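Quick caveat: nothing in here was measured; it's all calculated off a predicted structure.
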Amino acid sequence: MRSLLLLLPLLLLLVSCETKPTPEPINYGKDACAFCRMIIADAGFAGELKTKKGKVYKFDSIECLAGFILSGGVGKEDILAMWVSDFAHKGKFIRVEDAKFLVSDRIRSPMGLNISAYSSEEDLKEAFRNFGGRIMSWKEVLNYVNEKWKDRLSSRH
Amino acid sequence: MEGQAIFKALIFVLLLSFAGFPKTIEVCPACPVKSIKRAIELSEDGDTVVVRGGVYREGTLIVNKSIKLLGEGNPVIDGEGRYEVIRITADNVVVKGLTIVDSGRSEVEDIAGIKVEGAKNCVIEGNKLKNNFWAIYLANARNCRVVNNWIKGPFIVGEVASGNGIHIWHAKSILVKGNYITGHRDGIYFEFVEDSLIEGNTSEGNWRYGLHFMFSHRDRYVNNTFRRNGAGVAVMYTKKVVMEGNRFEENWGGSSYGLLLKAIDDSVVRHNVFFKNTTGILMDECQRTRIEENDFVENGWALRIWANSWNNVIRRNNFLGNTFDVATNSRMNPNRIEENYWSYYRGYDLNRDGVGDIPYRPVKLFSYMVENNPSSAVLLESFFVEVLNVVEETMPVVISVSVEDERPLMRRVDWRR
Amino acid sequence: MGETLKLLSTDIRNLIRIRWLWFYFLSLACGSGLFLYMSGDLEKVVLSLLNVTLLIVPLITAFFGITYFYDSKNFIKFLLTQPVSRREVFFGKFLSVSIFMSLLYFLGVSLPLGNEIIRTEHRSLIMLLILSGVSLTLLFSSLAFLVGILSEDKAKGVSLLLGIWLYLAVLHDGVILAVIYIFREYPLEKVVLALTLINPVDLARLLVILNLDVAALMGVSGAVVKDFLGSFLGTLVVLISITLWIAVPATLALILFERKDL
Amino acid sequence: MAEIEIRGLEKSYGKNKVLKGIDLDIYAGEITAVLGPNASGKTTLLKCILGLVIPSAGEIRVRGKKVGGSYEYRRFIGYMPQEPSFPENLTPEELIRLISSIRKVYPEDRIKALAELFKIKTFFNRQVRSLSGGTKQKVSALIALAFDPDILILDEPTVGLDPVSSSKLKEEIIRRKEEGKTVLLTSHIMSEVEQLADRVVLLIEGVKRFDSSVKELKEITGEDRLERAVAKLMEEGLG
């Protein structure tokens with residue numbers, strides 16, 4: 001038992017040095033979405049959340065990341081960082097607060113709310129020119145998902 | 001010489017149309033009409049275009065009239081890796097007997113072998129679709145039949161960018177029957193499709209799902225076979241689905257399952273066979289769904305029910321030789337599990353009423369641990385866990401208190417009778 | 001070296017005549033033959049044999065190793081009055097026990113499965129099982145000698161060794177489980193992986209299981225472990241871990257033995 | 001020069017001092033008997049000479065070479081332990097072969113002669129487990145004598161032997177002495193010591209209390225029989 005106690009600080013050390021604000025890579029085709037359970041397939045829409053303790057949640061779509069937070073999957077105070085895929089540069093993760101969002105029915109996302117994210121203003125504008133839709137901030141995305149999935153989010157959690 | 005032939009054909013066509021009858025236009029490399037595009041141009045609503053054997057490379061064929069497009073003698077229409085092959089925008093179109101190969105691909109657009117957009121009463125039957133990005137794609141369609149097509153996608157192991165075999169989006173009253181689909185992302189994909197039937201299809205070797213089904217209410221799928229798909233079958237965010245008589249086989253892998261039920265309410269899963277899947281059924285956020293008279297045979301887990309699933313009924317199923325019968329992450333059991341046959345049940349039936357005298361506890365300690373904390377999966381086959389399990393079985397303290405079948409059956413349920 | 005070989009061959013002649021060990025061999029052979037006959041599914045056979053390999057084989061090796069060491073102690077003393085070094089006597093004894101026990105394990109498992117080994121599809125799986133079993137045999141013989149040299153008192157030595165066996169084969173997993181539960185808020189995959197890899201019994205279990213279909217039941221965690229073990233670093237860690245587990249107790253035993261009053 | 005020189009030899013196990021500074025010379029052509037009550041340090045002394053026990057202080061030289069570090073000096077030593085313990089499943093034959101191969105000689109004639117002497121030829125191919133204690137003792141004597149060592153170290157050599165073999169062994173020991181070999185032995189049987197020993201060393205509680213010829217001992221104590229003489233010495237020593 002004493003040896004176990006000696007192990008604890010060591011483990012804590014190991015655990016604590018994990019928590020860097022960098023995203024873990026997603027294993028497309030293998031990892032499942034933490035919210036909707038679907039296999040994450042499309043590098044254009046994936047999202048990720050890391051807690052302060054270093055636990056990682058992966059999502060197949062931006063709406064699932066939003067839904068996860070809205071349904072209280074993780075408390076706001078426990079969030080270290082959130083990332084979304086840059087639709088214009090597949091496979092590139094950007095911080096949610098640095099991202100600009102577009103909701104367009106012509107860009108179809110895995111969970112049907114059709115939200116895509118961009119890191120640069122030009123990419124956003126080009127997508128908007130090509131596909132139309134509504135440009136949103138992260139806060140507006142949260143409201144939009146909350147509105148769209150109202151019954152699901154309220155009745156389930 | 002050629003010009004003369006076309007002229008003769010034109011006269012013929014004109015005569016027919018003047019007669020006011022639906023006419024038939026033949027297309028073949030040696031016919032007066034050599035191009036399908038031309039034939040469509042020449043046709044009117046109600047006409048039939050018969051495409052004879054040969055290879056046709058004509059870019060995208062847009063069918064904007066209510067015609068029948070019939071292949072005879074195995075004509076091949078080639079998208080040359082660049083084009084959407086056939087796009088149907090008119091109602092009452094029939095596409096039959098064609099072989100459609102090599103559609104274009106795109107990062108942004110969903111390019112298909114046969115796409116139906118905003119049309120009613122279409123019939124897509126008996127076609128062969130090979131190596132297309134999307135194969136058959138219906139958007140905003142109504143009352144269509146997709147029947148007896150043979151579809152093989154371009155799936156190469158590790159490649160992510162392939163589309164679905166039969167993809168149906170925003171549609172109503174669709175019949176998908178007797179198709180064979182392999183090598184796509186999802187074999188069959190339903191999103192916002194209502195009052196439809198999926199029957200007698202075989203979907204195997206697709207890299208994500210055999211069937212992927214979202215936001216599609218009041219549909220039925222019966223007598224299909226879903227085999228060796230990457231992650232199995234996913235039925236999600238839907239009310240009132242009927243799933244009957246299907247086979248879910250050999251969907252095996254770390255994050256694979258036979259059937260994922262995610263946020264499914266008031267639905268029925270009956271008379272299905274789950275054979276050798278990592279997980280037979282995974283239930284997440286389901287309510288008032290009945291799982292009745294199914295066979296769970298040699299799966300890793302027959303059934304995983306998460307604590308967020310309530311008021312479901314699991315009744316009269318056969319659990320035969322699964323590594324673990326039921327897994328849950330909850331001490332409570334907000335679902336009814338009763339009158340199932342469990343091959344691991346070791347109780348007696350002294351009063352001979354066909355029901356075992358002591359309850360059966362289907363949740364093993366390892367299952368409970370893994371559901372609560374996936375990291376503990378490294379203890380699979382650990383002797384320590386086996387010992388704990390025996391302790392748990394003799395003096396239940398941690399789990400299974402309320403997860404039990406109080407009326408386990410002594411004999412298999414013979415639901416096939 | 002020459003002396004070691006002479007001692008080794010004489011000692012193996014002695015071991016061959018121990019009926020008890022043939023009983024061990026026959027049980028292994030009958031067991032694996034029976035598993036094969038009853039199930040026919042090689043996965044299940046390997047899984048059953050794995051349990052035997054992880055529990056029974058270390059227990060018997062440890063118990064036999066230490067008893068044999070204590071029983072040979074007077075003869076070892078006698079040998080050391082002859083012109084031969086302690087190192088050679090130690091190696092002669094240690095190698096004869098560990099090699100002979102490994103051989104019994106190897107033959108016991110592989111003879112009934114010979115046909116399956118020839119069939120290529122399962123060859124690597126069975127090889128892996130046998131390799132795990134042989135490594136555990138070497139490891140527990142080396143622990144047996146260490147404890148035997150550490151403890152003069154036979155009863156104490158045997159119980160200490162059985163304690164070590166109990167910990168490695170059974171209780172260590174309990175510690176892992178405890179860590180998983182205490183730190184469930186944290187991302188534990190790597191810590192759990194490390195805790196698993198430091199125990200040779202767990203290591204052997206994972207190595208074999210990851211090559212079986214049941215590995216899918218480990219889900220994403222299993223994939224993480226498999227990716228790691230499949231990597232160059234993972235292979236290196238496995239090799240180092242196993243080698244250290246065999247070499248450290250054996251070397252320690254030798255050092256103590258060379259300085260010990262007999 | 002003494003065959004075995006012991007200077008300031010000390011040995012303790014933890015706090016327990018077993019040998020407390022022993023100086024002793026053992027000469028060739030002499031039989032030296034180490035006597036003493038139980039737990040006086042006799043066996044430890046022999047083990048120190050054989051290299052089984054590592055001294056805490058002091059040094060031992062065998063034929064001028066320091067003990068410790070090298071094991072080659074043991075080539076000159078033949079040793080008979082108090083209770084022989086051989087691997088149960090080996091035969092005396094295999095045992096003798098093993099020792100021969102270690103010593104790199106196979107003295108066939110001498111082995112034959114000794115087997116004849118102790119009448120153990122018939123047991124050569126039986127497993128040790130089936131041999132009686134006496135037979136094992138004879139095998140042990142055979143191994144100690146077969147390589148014609150210059151130094152014989154015998155720990156209670158006649159215990160467990162029948163009277164005939166016992167006297168044959170004693171004759172053999174005396175013969176070796178007469179050939180100029182060095183013999184060091186311990187024994188509790190005073191008649192045997194009287195018969196064999198030229199010199200007696202008495203150890204009490206790890207200290208050498210007496211060291212002289214048997215004749216001298218009898219003179220000093222005024223006793224005529226060795227047993228009485230030793231008993232008297234021991235009582236004084238302990239007192």
Side-chain angles (χ1 to χ4, degrees), chain B residues 228-232 249-258 260 275-280 282 298-304 306 321-327 329 364-392 398-399, chain C residues 41 44 46-48 50-52 54-56 166-197 199 201-206 208-210 212-228:
Chain B
R228 285 192 290 273
N229 294 295
E249 298 175 353
E250 297 175 60
N251 297 290
W252 194 265
S255 39
S256 186
Y257 29 72
L260 165 68
F275 176 64
K276 283 198 173 170
N277 304 285
T278 315
T279 298
L282 172 60
E298 293 178 39
N299 302 285
W301 280 281
L303 203 55
R304 288 163 68 189
W306 287 351
N322 303 289
T323 311
F324 302 104
D325 286 324
V326 176
N329 55 351
K364 295 276 174 289
L365 190 70
F366 179 75
S367 310
Y368 178 74
M369 275 161 35
V370 172
E371 291 305 337
N372 276 285
N373 209 317
S375 291
S376 41
V378 295
L379 298 177
L380 177 66
E381 291 290 324
S382 153
F383 186 67
F384 181 79
V385 176
E386 295 292 315
V387 170
L388 279 188
N389 198 35
V390 172
V391 172
E392 178 67 36
V398 187
I399 49 158
Chain C
D41 178 356
K44 285 182 186 149
V46 169
L47 208 55
S48 310
L50 181 66
N51 281 316
V52 172
L54 297 179
L55 280 176
I56 313 288
L166 190 68
Y167 181 79
L168 292 179
V170 186
L171 298 181
H172 184 78
D173 287 352
V175 173
I176 293 181
L177 198 60
V179 168
I180 288 174
Y181 271 76
I182 295 167
F183 295 104
R184 59 180 168 275
E185 299 275 299
Y186 296 87
L188 275 178
E189 285 78 10
K190 284 174 192 162
V191 177
V192 168
L193 189 64
L195 278 178
T196 315
L197 297 190
N199 178 1
V201 179
D202 276 329
L203 186 58
R205 177 172 56 84
L206 282 181
V208 174
I209 279 193
L210 285 173
L212 296 172
D213 286 347
V214 285
L217 301 188
M218 291 166 66
V220 179
S221 305
V224 171
V225 182
K226 190 162 193 167
D227 285 350
F228 178 73

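- Heavy-atom pairs under 4.5 Å with chain C peak, among B/T278, B/L380, B/N372, B/T279, at B/L380.
- Ion pairing between a basic and an acidic side chain is recognised when a charged N comes within 4.0 Å of a carboxylate O; B/E249 and B/R228 show no such pairing.
- Only the side chain of C/L55 has a heavy atom closer than 4.5 Å to any heavy atom of chain B.
- Residues B/E386 and C/V170 form no side-chain contact, since every pair of their non-hydrogen atoms from C-beta on lies 4.5 Å or further apart.
- For C/I209, the part sitting under 4.5 Å from any heavy atom of chain B is the side chain, from C-beta outward, and nothing else.
- Within the 4.5 angstrom heavy-atom criterion, only side-chain atoms of C/N51, from C-beta onward, approach chain B.
- Between the B/N277 side chain and the B/N299 main chain, no donor and acceptor come within less than 3.5 Å of each other.
- Salt bridge B/E250/B/K276: absent, no basic N to carboxylate O contact under 4.0 Å.
- In this structure, the side chain to side chain contact (heavy atoms under 4.5 Å, CB included) partners of C/L197, at least two apart in sequence or on a different chain, are C/L193, C/L203, C/F228, C/L229, C/V237.
- Of the listed residues (C/L50, C/V214, C/L54), the one with the most heavy-atom contacts under 4.5 Å to chain B is C/V214.
- Note: C/R205 leads C/R184, C/R205, C/H172 in heavy-atom pairs under 4.5 Å with chain B.
- Within the 4.5 Å cutoff, no side-chain heavy atoms of B/D325 are placed close to those of B/L303.
- Heavy-atom pairs under 4.5 Å with chain C were tallied for B/L388, B/V370, B/V378; the largest tally goes to B/V378.
- Only the side chain of B/T323 has a heavy atom closer than 4.5 Å to any heavy atom of chain C.
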